[in-house]
Structures are given as C-alpha cells and as structure tokens.
Amino acid sequence: MHEVLGTTTDGDLVINVGPQHPATHGVLHLVITLHGETIRKVDPHLGYIHRSIEKMCESLTYRQFIYVTSRMDYLSAHINNHACALCVEKGLQVEVPARAQYIRVLMDELTRIASHELWWGAMAMDLGAFTPFFHAFRERENINDIMEETCGARLTMNYMVPGGVMADIHPNFQKRVKSFIQLFRSKFDEYNEMVTGNIIFQNRMKGVGYLSAEDAISYGCTGPTARGSGVSCDVRKIMPYELYNQVQFDEILETGGDSFARYMVRLREMNESINIIEQVIDNIPEGDYQAKTKAVLKLPKGEFYTRVETARGELGVYIVSEGGTTPYRIKFRSPGFSNLSALDHMARGSKIGDLVAMMGTLDLVIPDIDR
Amino acid sequence: MMDREHMISCITEWVPGAKAEEGTEWTTLSIPGESWPELAQRLRDEADWQMDFLFCLTCIDWKTHLTMVYHLTSTRHRHILVIKADLPADDAVIHTASHLWKTAIFHEREVFEMFGVRFSKHPDLRLLILPDGWEGRNPMKKDFEDPVNMIRM
C-alpha cells in the first residue's frame, strides 16, 4: 500500500478501499479521491493476486495449462476450461463428440447459475441484507453437489479437456439436475420477494452507476454489465459454439444502464440458463465423451483465438503457437479486467455509499482481473 | 459485414505498407507502426467499418522484435479484423488507441509494464498490476529472469 489517508492540494480527501475490504470480495485496492461525500476519482491498483498465469502457461503443455485457468475466474471454472479446450481443439482440428458437447453446455449453464447465485447473495450482503446470502447458497449447494459427483471437485473442476470431457457423467447426473430445476423454480420467486421488490433495495440501485451503451462498448464491457446498458454482446448468440445455435434461448437485454438494470439482467439470465438445461438434459446422445487425441498434443504454427461467454462476460483465449508442445504466448482476455476499467467512469460524481452497489453489480472476481 | 478481400483491398489502399496474412481465421493485416493512429481512426469512424469494440489488445515478444496485436470488431456489422504492428525490441513506441477505445487505457498500461512498450499520448501510462519499483523490468518478455525462481531453486 503506497497511498495513505491524506488530502490533496485542493482539499480533496484520498482514501484506500481495500486491498482487504469485505465489499471488494478479494484483494482489490481502490484509491478514491473524495470531495465531501462525492467521488472525484477511483483509481484501481491491481496485482495483489497476480500469479502471471499467462507466463506460467508458456512452460506448460496443452494438456496441463487448462488446469491453471480454473484459478482465473474460479466461479466460472468450467467455462474457462471450456474456452481453452475449444482453442486447442481449433488448432488440432478435432471434432468433439456430440455427447461431450451436450455435457459441456450443461456444465456451462449450471456454472452460470451457480455463479449468479453467489453474486446475488453477495451483492445483497454488500447492501446490508444478510439473509439472501443463505438462500442463494442453499440452491448453489445443490449445483456444487452435482459437480462433485461428476467432476470430483466443487470449485476448480478441471473437467473439460481437449477433445471432450475428462470422464462420463455420473449415473445420477440427469436425475439430480432435474430435481435441481424443480427446486430452483420453486425458490426463484423468493428472490424477487426478498430483494428485487424491496423498496430500500430499489432506491439504492435505481439511477446509480449509470453506464451508457456507447461507453460500455468503448470500455470493452461485456456480459451482463454491457447487456444492462442494452448492448447485445452475448457470444453464445453472435458467435455460437457447441450447441448454442441449436437451443432456444433469449439474450437478456435491459436498457436502464444503471445498477438495477445490471441486477435484472443477471437475475433473468438464471432463468434463461434453466431453460437451456431443460432443453438439453433429456437429449444427451449416447456415444463417446472424448475424441481420441494423441498423448502429446502439438499445435501447428499459427494463431488461435476463441471467444466464449462466461458468467461475467466475454473470455478470449489467444494462443500463439510455434509448432511445439507448449504455447509460445497465451493471452487471456478476461471480462472482469475490462468491466473494472469502467468503474472510474461510472463512479465519478456519485456518493461514496453507492460505490459498493456499483461494484456489486459489476460482479468482480479479482483473480479473473489479475490473472 | 465485409468480406476478407474487400477488407484487405481497403486497408492496403489506405496503408501502403500493409501486408495480409494467409491462413488465419479472421482477416489479419500487418501494418507499419507509424500508420496505426490514422488507420485506427478510420476503422472506427468510417460508416461501413464502425469497428467500435476493441475486444483484445496484447503484445507478443519475438525476441528480435515485439508485435502489437489489436482484435477489433463492430457491434453493428459484426465483422472482425486483426491488426498487427511490429515494433523494434529496444525502442518500442506506438501511438495510443485509448482516445478511440477507452478499454485501451487499462490494456495498454498492462502491455506497458509487462512488455515495456511505450504508448505515446496515453493519458495515464504507469504501472497497473506490478508494484512500485518494477519500472524497466518487463516480466512477460522472454529474456526476463526472475531472481526468485521457484522452479530452479
């Protein structure tokens, strides 16, 4: 920490939020310049959980590097793995068996729900409501149990591998997913009753942290953050991968551009993910869950880029290969990094008490930002 | 939506030194670093391009030189274009893109500290991820040696 509490020459107050602060959900350090209670400037200092994953990947093989990426956006671990697997498959020109594609889409959507559940609970907690957190975790626990049974892990699953998935689904998988859908449907109204309709909550969200559509695009915002401003940016729609061009789902768009719009996008996305799962769960075809690939993978010389939609937005995996067994250079275009860059713009001129509400609806995961 | 041939012929007309790369998924062109600011402005503003979304900005260290890579797309037309610019390793300077795409403010700061590329006219070029005192050493470059190497220790 370099800055200390102090005043600038024109009487503004400079304070630190973080790196250890309950509302930053990790080690994010914001240096805030205040004029009275009004925010003049927000300057994020990153790197407290920087592990240089991109550099690390340069010395890992194409089978190994995927496991590191679960630790980037740990709430979308499946989707991170998926992006990397897709990128390697693109280089190898491997056809993924239909069964694996179905399983991947199911896992992605379950992950998205689990991530949004955690966001919903944590965001309500940021605003001072403690109960929703437990309600959200009650449902999220079911997803974690499903993951544990099939993947052997609850957070960093490492289930997607180049060519398909690591192992076949557990015999209980379909039954448990269906009972989860029922449970989720029966509890979803509670979410709206508890938080969405609450007048105190609405007053704290509406009109706060406005981001226009032009700014959202210019700052590179993606995912629910940009869709709250009416920017159509769902990679599942604009560049469909796996099954996403065969299932029916809507891209959720809100036009408010404020914290409440971003909140509504995520809440409605949970329902949309349930719709996708319902279409897919009964139709998983029989067959291989993994394509046959060589033990040592070598990507041809060239460049490969994949874009996928994580719970936070667009994740890009850019592999530069020199034809060897390890990548020459890897770049992860993380959604959180770009979304965070808009925070300064959104926060200027608002009250410091609203900063937490803005950060809550950006859904920041710090290891995803720092990489 | 523009097709590959049209994109290439347009850009080679604007930028005489531009070269198209073969066998890439998306249209990729290498340009001289000096022509970047003018080209960037045109790509964003011309009505049939409207590349308003810079979805990836990064750098590659080839030991002999550095390559800046810009992934651009249009939220209206949905076409994708990749622009590359080679920079000398010892004196890597390129004009910033942050006045056109604000996402470049953060991404260029990251490239600045990790690769040592200096972006002229950048509003706020300082360390973002690395702690103070790291200036001059660029961890993502291939010749970077970590004094505390946990693997070789």
Bottom line for A/I238: the part with an atom under 4.5 Å from chain B's heavy atoms is side chain

A/Y305 vs B/W26 aromatic rings, parallel, tilted or perpendicular, using cut-offs 30° and 60°?
tilted

Which atoms of B/T28 come close to chain A, meaning under 4.5 Å heavy atom to heavy atom: side chain ones, backbone ones, both, or neither?
neither

Can A/K55 be said to sit on top of B/F144's aromatic six-ring, NZ or CZ under 6.0 Å from centre and within 45° of the ring axis?
no

Inter-residue atom distance B/I129.CD1 - A/L46.CG, 0.5 Å rounding:
6.0 Å

Nearest heavy-atom pair of B/L128 and A/P44: which atoms, and what distance?
CD1-O, 4.0 Å

Could you tell me if the side chain of A/E54 sits less than 4.5 Å from the side chain of B/M114, heavy atoms only?
no

Just by distance, do the side chain of B/K102 and the backbone of A/D215 share a donor-acceptor pair under 3.5 Å?
no

Considering only heavy atoms and a distance below 4.5 Å, find which of A/E314, A/E322, A/R307 pairs most often with chain B.
A/R307

Looking at B/K84, I want to see if its NZ is surrounded by more than 12 non-hydrogen atoms of other residues, nucleotides or ligands under 6.0 Å.
yes

Under the side chain to side chain contact (heavy atoms under 4.5 Å, CB included) rule, what do B/E25 and A/K90 come out as? Steps first, then yes or no, please.
CA-CA 10 Å; B/E25 185 190 4; A/K90 192 180 265 182; 3.0 Å; yes

Between B/W62 and A/Y328, is the ring centroid distance below 6.0 Å?
yes

Please round to the nearest 0.5 Å and tell me the distance separating atom NE2 of A/H45 and atom CG of B/D132.
8.0 Å

Among the options B/L57, B/V69, B/L54, pick out the one with the most heavy-atom pairs lying under 4.5 Å from chain A.
B/V69

Between CG of A/L340 and CZ of B/F106, what distance do you get to the nearest 0.5 Å?
5.0 Å

Portion of B/T75 that has a non-hydrogen atom of chain A nearer than 4.5 angstrom
side chain

For A/S232, is it the side chain, the backbone, both, or neither that has a heavy atom closer than 4.5 Å to a heavy atom of chain B?
both

When rounded to the nearest 0.5 angstrom, what distance separates CD1 in A/I330 from OG1 in B/T58?
11.0 Å

Of the listed residues (A/S341, A/G47, A/A342, A/S218), which shares the most heavy-atom pairs with chain B below a 4.5 Å separation?
A/S218

A/E214 versus chain B, the contacting section by heavy-atom distance below 4.5 Å
neither

At what distance, to the nearest 0.5 angstrom, does CZ of A/F337 lie from NE2 of B/H107?
5.0 Å

Closer than 3.5 angstrom, by distance alone: can the side chain of A/R329 be matched with the main-chain N or O of B/D61 as a donor-acceptor pair?
no

Is the backbone of B/I60 close enough, under 3.5 Å, to the side chain of A/K331 for a donor and an acceptor to pair up by distance?
no

Is there any residue in residues 32-50 of chain B with a non-hydrogen atom under 4.5 Å from a non-hydrogen atom of chain A, and which ones are they?
none

Structural part of B/R126 lying under 4.5 Å from a heavy atom of chain A:
side chain

Would one find more than 12 heavy atoms of other residues, nucleotides or ligands at under 6.0 Å from atom NZ of B/K142?
yes

Interatomic spacing from CZ in B/F53 to OG in A/S338 - rounded to 0.5 Å:
7.0 Å

